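Following this message is one structure expressed as structure tokens.
Everything quoted here is computed from the prediction, not taken from an experiment. Below, each value reflects all heavy atoms present in this structure, side chains not excepted, and no hydrogens, waters or symmetry copies.
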Amino acid sequence: MNRSFHKSQTLRFYDCSAVEVKSKFGAEFRRFSLDRQKPGKFEDFYKLVVHTHHISNTEVTIGYADVHGDLLPINNDDNFCKAVSSANPLLRVFIQKRGAPSDGARGMQ
């Protein structure tokens, strides 16, 4: 796993280059931090998300809420870097089983 991913919530208080991530899968929320300067690759992020939510055997799609509240996909390195760079101060990530209907960015504050 890439060392640029951190599970510590307190990292944001000590390191201004850290991005706090709040991920949602169903009714379950998880928080972890990423290094804004070196966020890593999408594939590593995908593995971290499914591991953190204990859904390693599930095919999922990942999206994030942009500054306007629109739900945008995270499905490659470019989209992942855009999501991390636009996080201010929090990156809200939504995980869905592939083929499941979208409920949008509602329900995550």
So which of V50, T52, V49 actually passes side-chain contact (heavy atoms from CB on, under 4.5 Å) with I95?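 So the option named by the test is V49.
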
As an exercise, state the distance from SG of C81 to NZ of K38, rounded to the nearest 0.5 Å.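 The distance works out to 13.5 Å.
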
What closest approach, in Å, do N79 and I74 show between heavy atoms, and which atom pair accounts for it?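 Nearest pair, atom of N79 first, then I74: CB-CA, 4.0 Å.
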
Please tabulate, one pair per line, all N/O donor-acceptor pairs under 3.5 Å involving side-chain atoms of residues 53-65, not counting sequence neighbours.
unit_1, atom_1, unit_2, atom_2, d
H53, ND1, E28, OE2, 2.9
H53, NE2, S23, OG, 2.6
E59, OE1, R98, NH1, 2.4

Lys/Arg cation over aromatic F80: K41, 6.0 Å, 45° cone: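 No cation-pi geometry.
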
Keeping R36 on the side-chain end and A87 on the backbone end, is there a donor-acceptor pair under 3.5 Å?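 Yes; judged by distance alone, with no hydrogens or angles, the pair exists.
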
Kindly give the heavy-atom pair with the smallest separation between S17 and Q37, and that separation in Å.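 So the two residues come closest at CB-CG, 3.9 Å.
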
List the atom of A83, the atom of L91, and the distance in Å for their closest heavy-atom pair.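 For A83 versus L91, the nearest heavy atoms are O-CD1, 3.6 Å.
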
Of all heavy-atom pairs between S33 and E20, which one has the smallest distance, and what is that distance?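 Closest approach of S33 to E20: OG-OE1, 3.3 Å.
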
Close side-chain approach of F45 and L34, heavy atoms under 4.5 Å: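 With C-beta onward as the side chain, the pair touches.
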
Which is it for L90 and R31 under the side chain to side chain contact (heavy atoms under 4.5 Å, CB included) test, yes or no, and what are the steps along the way? CA-CA 10 Å; L90 182 68; R31 287 181 178 261; 3.9 Å; yes

